[in-house]
Amino acid sequence: MIGGTVMKKTTVSLGATFGRLMTALNYGLIILLCLSIILPTLNILALSLNVGSDAAKGGIYLWPRIFTLDNFKEVFKQSNIVNAFFISIFRTVLGTLLSVILTAMAAYALKSKTMPGQKQLTFFVFFTMLFSGGLIPYYILLKELHLTNSIWVYIIPALYSVWNMMIMRSFFDQTPEGLEEAARIDGCSDLGIFFRIILPTSKPVIATISLFNAVGHWNDWFTGSFYVRDQGMKPLSTVLQEMLTKQQALTDTLMSSTGAIQMQMLDKIQVTGTSLKMATIIIVVTPIVIVYPFLQKYFAKGVMIGSMKE
Amino acid sequence: MARNTSVMKSPLTEGYSSSRQGSRLWKRILSHYQLYLLLLPCIVFFIIFSYIPMAGLVLAFKEYQFNKGIFGSPWIGLTYFEMFFQDPQSLKLIQNTLVISGMKVFLAMPFPILLAIMFNEVRNSKLRNIFQGIVYLPHFFSWVIVVGMMQRILAPDTGLVNQVIEWFGGDGSKFFLMEESAFHPIMFWSYVWKDIGWNSIIYYAAIVGINPALYEAAKIDGANKWRQMWHITLPGIRSTIIVLFILSLGNILSAGFDQIYLLKTPGNMNVSEILDTYIIYMGLESGQFGFGTAIGMMQGIVGLILVLTVNKVAKKWFQSSLW
C-alpha cells in the first residue's frame, strides 16, 4: 500500500518535471524562431547605418560601428529612386482603394442566395484560381490592351483577387440575417444594404484585405520588371530588385582576378554599393513595419474567418 | 417583394407552363438587378484578364507572328511539345521543379502545423500575441527584400553567417549563394522561415476551434499531452490540413517563381533553373512566345488535373474537399 502511493507520487512529479521541461522547450524554440527574424533584420539595419567602406571590412553585427546617415542621403539623391518611391505610393494607395471596394462589391453580390445564377457565377470566378492561360498569353493581352509600359499596368490587372473575394464573402456571410431583413422591410435596396449595413459592420475584414492589397502593391516587383520598360515608371521594389541583380554582377567581377584592385577602390569611397542596397532594403521595409502593428489585431481574425468553410 | 415568389410556391402554381416559369425567372433576375450591377465589373474583369488568356493558349500550337496576332498566325501543331520533350535539358528542368516544389509541399508542410500546436501551448495570451506578431512579419516582406538580406548575411567573408563560422574557427570564405550544394538548404529554410508563421494562422484557428470538452474527457481517461495531440488535436485539424494540401498541389509544377528567380545565380543554375524561370527566359526574354505558351500550358493542365483528382480522392476517403 505505502509503496504504491510513493510510486504514484514519483510518477506524478516525474510527469510534472517532464511537462515543465516541455514548456521550456516550447518557449525556447519559439524564441529561437523570433530571434531568427529579429537578428538578421537588425544586422541589415546596422549595416545601413554604418559607413559603407568601413562595413566592407566586416565585423558589423547588431549595431553600427561608425554611425552615419549618408547611405540614406545618397539613396534619396538618386532621382530614379525618389521617383520610384512616388510610383510605389501612387499604386499602393489608388490600387488598394479601388481593389478593396470592387472586391467587396463582388463578394457581396456572390453571397446572395436568391440571385439566379449565383452558383454558376461563383464557379466562373473560382475557376480562374485553378487554371490560367499562363504568362505568355497574359503578356500578349497586356500588350494588346496597351497596358505594357503604362502606369495602369500596376492598377488595372490587380483590381480583383479571387482569394480576397472568398475571404470577404465568408465574412459577409456572418452578418446576422435579421439585420438585412429588417433593412429590406424598411425599404432598403441591395445597394443600400451593402453600403449602410455590410460595409460598416465589416471593418475587420476590410482592414485585412486592405493590408493584403497594400502590401501586395508595395512589394510587387514582377510587373515593373517584365511588363514595363521605361526606367521612370518602375516602382521601388523593381528598382531594388534591379540593384540586387546588378550587385550580384558586381560581386562576380570582384571575385575575378581584378578583385584586389577593386577592393582598394571600394576603400576610397565611403558609400558603397552594398551600403546603398542595405539602405534601400530598410526604406522598403519600414512602411510595412510601421503599419503592421496597427493591423495585426485585424488580420489574424480576417484570415481565420476566411478560412472557415460554410 | 418580388424575390419571395419562389417561396410562395403553392400546389396550384406548380404545374404552370414553362413560359410562365420563364417569366418568373426573369422577374427574379430583374429584382436582383443591383447585385448584377455590383458583379458586372468583376465578370468583365475575369473575362478579359483570365478567360481571354486561356483562349490565348492556342498559341501553343501556332507560330506567333507579331503582325498577324494570335489568331492570324499559322498553325504548327505539336511542334513545340516535341521540341520540349526532345531537348534533354527539359528533363532537368522538370526534375528541378519537382524537387523544389516537392520539398515545399511535402517537407515544409509539418512546420506550420507544429508551430500552431506550439502556440496553442503558450498559455500567456499577451506573450503569445507578441510571438505571433513577430513570426507573421516575414510574410509581409517580399522575396526581393528577403533575398537582398540573404545576399548580405550569406556573403563571403563579411556576411553574418561566415563571420560566425570564422568565430568558431571554421572557413568563413564560402560564397553560399554561388554554391550548387547550398542551394536546396537555402531555398528550403528561407521558404520555411518566411511563411511558417503565416501558414500557422489557419491551423491555429482550427486548433482553437476544437471543443475543449474533448481534452477534458481525455485527461480524465488519463491521456497525456502526446496522446491528446495525436488523438484530438491532429484529427481536429485534419480537414484543414487536407484542404490546404490540395490547394498547394495545384502549384506542384510552379515551384514559386519569385524566390527561385532571385536566388538563381550562375553558380547554382544547374539545380535552380525551373519551368517558370525557363518560360520567362524563352518567352519574354528571347521572344519565343509559342514555345513559352506550350510549357505554361502543360504546367497549368497538370496542376488542374492534380487538384481535381486529389480533391475527389479526399472527398471519398476523408470527406473533406474544396467544394
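Within every chain, numbering begins at 1; the chains are lettered A, B, ... in the order of the sequence lines, protein sequences first and strands thereafter.
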Exercise. Heavy-atom distance under 4.5 Å between the side chains of A:Y27 and B:L127, does that happen here?
Worked result: yes
Problem set entry | Which atoms of B:Y33 approach chain A - backbone, side chain, both or neither, heavy atom under 4.5 Å | neither
Exercise. Is a side-chain donor or acceptor of A:Q241 paired with a backbone partner of B:V144 at a separation under 3.5 angstrom?
Worked result: no
Problem set entry | Per-residue contact mode, B:P41 against chain A (heavy atom under 4.5 angstrom) | both
Exercise. Is it true that a side-chain atom of B:W193 and a backbone atom of A:S36 form a donor plus acceptor pair closer than 3.5 Å?
Worked result: yes
Exercise. At what distance, to the nearest 0.5 angstrom, does CD1 of B:I52 lie from CD1 of A:I140?
Worked result: 13.0 Å
Enumerate, atom names and distances included, each donor-acceptor pair closer than 3.5 Å involving a side-chain atom of residues 284-307 of chain B, sequence neighbours excluded.
{"from": "B:S286", "atom 1": "OG", "to": "B:Y281", "atom 2": "O", "distance (Å)": "2.9"}
{"from": "B:T293", "atom 1": "OG1", "to": "B:F289", "atom 2": "O", "distance (Å)": "2.7"}
{"from": "B:Q299", "atom 1": "NE2", "to": "B:L253", "atom 2": "O", "distance (Å)": "2.5"}
{"from": "B:Q299", "atom 1": "NE2", "to": "B:D276", "atom 2": "OD1", "distance (Å)": "3.3"}

Exercise. Could you give the distance from CE (A:M105) to CG (B:L37), rounded to the nearest 0.5 Å?
Worked result: 7.5 Å
Problem set entry | ring pair (Phe, Tyr, Trp, His ring centres under 6.0 Å) involving A:F127 - partner list, sequence neighbours excluded | A:F123
For this session: Quick one: which of A:A55, A:S237, A:G216, A:S189 has the most heavy-atom pairs under 4.5 Å with chain B, could you say?
Result: A:S189
Exercise. What part of B:W226 lies closer than 4.5 angstrom to a heavy atom of chain A: side chain, backbone, both or neither?
Worked result: side chain
Seminar exercise, completed: Applying a strict 4.5 Å limit to non-hydrogen atoms, the region of A:I37 in contact with chain B is both
For this session: Using modelled atom types only, decide if a donor and an acceptor are shared between the side chain of A:Y292 and the backbone of B:G133 within a distance under 3.5 Å.
Result: yes
